[in-house]
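Keep in mind that this is a model prediction, so the values were computed, not measured. Atoms within a ligand are numbered from 1 in the order they appear, just like the ligands themselves. What's counted below: heavy atoms across the whole structure, side chains too, no hydrogens, waters or symmetry copies.
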Amino acid sequence: MSFDEGAARVVRADKGSVLVVPDDRREPVRAVLDRDGLAVLEGGRVVPTVGDWVLVDEADGEPHVRRVLPRSSALVRDSAGATSREQVLAANVDVVLVVEHLDPDPDLGRVERLLTLAWRSGARPVVVLTKADLVPDAAGMVQDVAAAAIAVDVHAVSAATDEGLEPVRALLTPGVTLVVVGPSGAGKSTLVNALAGRDAMSTGDRRESDGRGRHTTTHRELVPLPGGAVLIDTPGIRGIGVVADGDALATTFADVAELVAMCRFADCHHAGEPGCAVTEALAAGELTRRRYDSWRKLAREAAYQARRTDSRLAAEERHRWKKITQEYQRGMRGPGRPRD
Ligand SMILES: Nc1nc2c(ncn2[C@@H]2O[C@H](COP(=O)(O)OP(=O)(O)O)[C@@H](O)[C@H]2O)c(=O)[nH]1
Ligand SMILES: [Mg+2]
Ligand SMILES: [Zn+2]
């Protein structure tokens, strides 16, 4: 067998290796990464992630990832990892399904956080509110969530009664990649199964494997759906650190961004300065305190991350110059000559 012909898709990423599905075959193949658990992507090296397209070599018998193809989108979370500050949760995704339960009450701040993650990724977010069968007024709740999800479609669904799933099924066109994100217990795996039309993923109902190939969601995993779309299920990520940038925040909080642009001072801190449009909107009840606080929190996180990245890049640059200088000085002394 040969991989020379085309790219393979990563359906699951583990430490040191990935499971890939070559274009022309359905059976997944394990391909190893380099010694550091990385693979080449353009100028640098990255940890390949689910959804990545990779080129696989079998030169020395064992398939290994030769190269990761450029990503059309990437879901990035802030992580405290040893090698990197950022973790790519999924790559080459077209639609991010932000899944949130209606019962207990939806957490609007979490929806805003995940929408920012989605906007930042380059994919299109869609909000799916689950467990509509458990609440009396799902339609009213959809409106509340929609107010926090500007320019985003919001659907209420019930996997229990199969209601409300048509608009979500309509997203499953051939070649489309979707990912579900949301808290544990929101009903992500149940939704994946409803869309797949089979028990592809184990759900909270069955914590143990029942011997029929089901398992709880401990890994991000790419599931093929009937009709040619693929869907990535993810375990619930607690307190997901969003790697926000200004653009993603301004998209999630387009209403606030509009106000900010109207403040009298360009460097307004929106903390009671004269002519602050944000403060005025709060006072007039046009902007809720909840949404304001949510925006401030994410904006602070984004600013902190930007500073951290800047100082890391500066440190790397200093290190690079130190090395160049040392090499240069060594060169001046001539090869092989002992230091004095
Ligand atoms: N009543 C009701 N329960 C649901 C619905 N969707 C999921 N659940 C239940 O919620 C629990 C968690 O579901 P699961 O899919 O494992 O959540 P995940 O952690 O987000 O993958 C399970 O007990 C599901 O049966 C729904 O639409 N209605
Ligand atoms: Mg799950
Ligand atoms: Zn202001």
Trainee: Quick one: does L191 get an N or O within less than 3.5 Å of an N or O on ligand 1?
Mentor: no
Trainee: Would you say Y304 and D78 make side-chain contact, with heavy atoms under 4.5 Å?
Mentor: no
Trainee: Show every salt bridge (Lys or Arg N to Asp or Glu O under 4.0 Å) that has at least one partner inside residues 132-147, sequence neighbours left out.
Mentor: none
Trainee: Tell me whether R113 is salt-bridged to E301, with the criterion being a basic N under 4.0 Å from an acidic carboxylate O.
Mentor: yes
Trainee: Contact between L69 and R67 at the side-chain level, heavy atoms closer than 4.5 Å - yes or no?
Mentor: yes
Trainee: Can you confirm whether more than 12 heavy atoms, excluding those of R291, are under 6.0 Å from its CZ atom?
Mentor: yes
Trainee: Please name the pair of heavy atoms, one in V18 and one in P48, separated by the smallest distance, quoted to 0.1 Å.
Mentor: CG1-CB, 4.1 Å
Trainee: Atoms of ligand 1 less than 4.0 Å from S158 heavy atoms?
Mentor: 27 (O)
Trainee: Strictly below 4.0 Å, N to O, side chains only: are E280 and R264 in salt-bridge contact?
Mentor: no
Trainee: Report, in ascending order of atom number, the atoms of ligand 1 lying under 4.0 Å from any heavy atom of T190.
Mentor: 6 (N), 7 (C), 13 (O), 14 (P), 15 (O), 24 (C)
Trainee: Between T49 and R71, is there a side-chain donor-acceptor contact under 3.5 Å, judged purely by atom types and distance?
Mentor: no
Trainee: Any atoms of ligand 1 less than 4.0 Å from a non-hydrogen atom of P183? List them with their elements.
Mentor: 20 (O)
Trainee: Counting backbone and side-chain atoms alike, is an N, O or S atom of M201 positioned under 2.8 Å from the Mg ion (ligand 2)?
Mentor: no
Trainee: Stepwise, does the side-chain contact (heavy atoms from CB on, under 4.5 Å) test hold for S121 with V96?
Mentor: CA-CA 9 Å; S121 76; V96 179; 4.2 Å; yes
Trainee: Within ligand 1, which atoms have a heavy atom of A186 less than 4.0 Å away?
Mentor: 17 (O), 20 (O)
Trainee: Counting only nitrogen or oxygen atoms and a 3.5 angstrom limit, does G187 reach ligand 1?
Mentor: yes
Trainee: Listing by chain and number, which protein N, O or S atoms are under 2.8 Å from the Zn ion (ligand 3)?
Mentor: C263 SG, C268 SG, H270 ND1, C276 SG
Trainee: List ligand 1 atoms under 4.0 Å from T203, heavy atoms only on the residue side.
Mentor: 15 (O), 16 (O)
Trainee: So is there a nitrogen or oxygen of K131 less than 3.5 Å from a nitrogen or oxygen in ligand 1?
Mentor: yes
Trainee: Short list, please: which atoms of ligand 1 are under 4.0 Å from a heavy atom of L134?
Mentor: 1 (N)
Trainee: Compare all side-chain heavy atoms of V46 with those of V88 and state whether any distance is below 4.5 angstrom.
Mentor: no
Trainee: Where is the tightest heavy-atom contact between P70 and N92, given as atom of each residue plus distance?
Mentor: O-OD1, 4.0 Å
Trainee: Check whether any N or O atom of G185, backbone or side chain, sits under 3.5 Å from an N or O atom of ligand 1, and answer yes or no.
Mentor: yes
Trainee: Compute the shortest N/O to N/O distance between A159 and ligand 1 and return yes if it is under 3.5 Å, no if not.
Mentor: yes
Trainee: Short N/O distance, under 3.5 Å, between S202 and ligand 1?
Mentor: no
Trainee: Would you say the side chains of R296 and Y292 form a donor-acceptor pair under 3.5 Å?
Mentor: yes
Trainee: Is the closest basic N to carboxylate O distance between D162 and R169 below 4.0 Å?
Mentor: yes
Trainee: For ligand 1, which atoms, with element, lie under 4.0 Å from some heavy atom of K188?
Mentor: 15 (O), 17 (O), 18 (P), 19 (O), 20 (O), 21 (O)
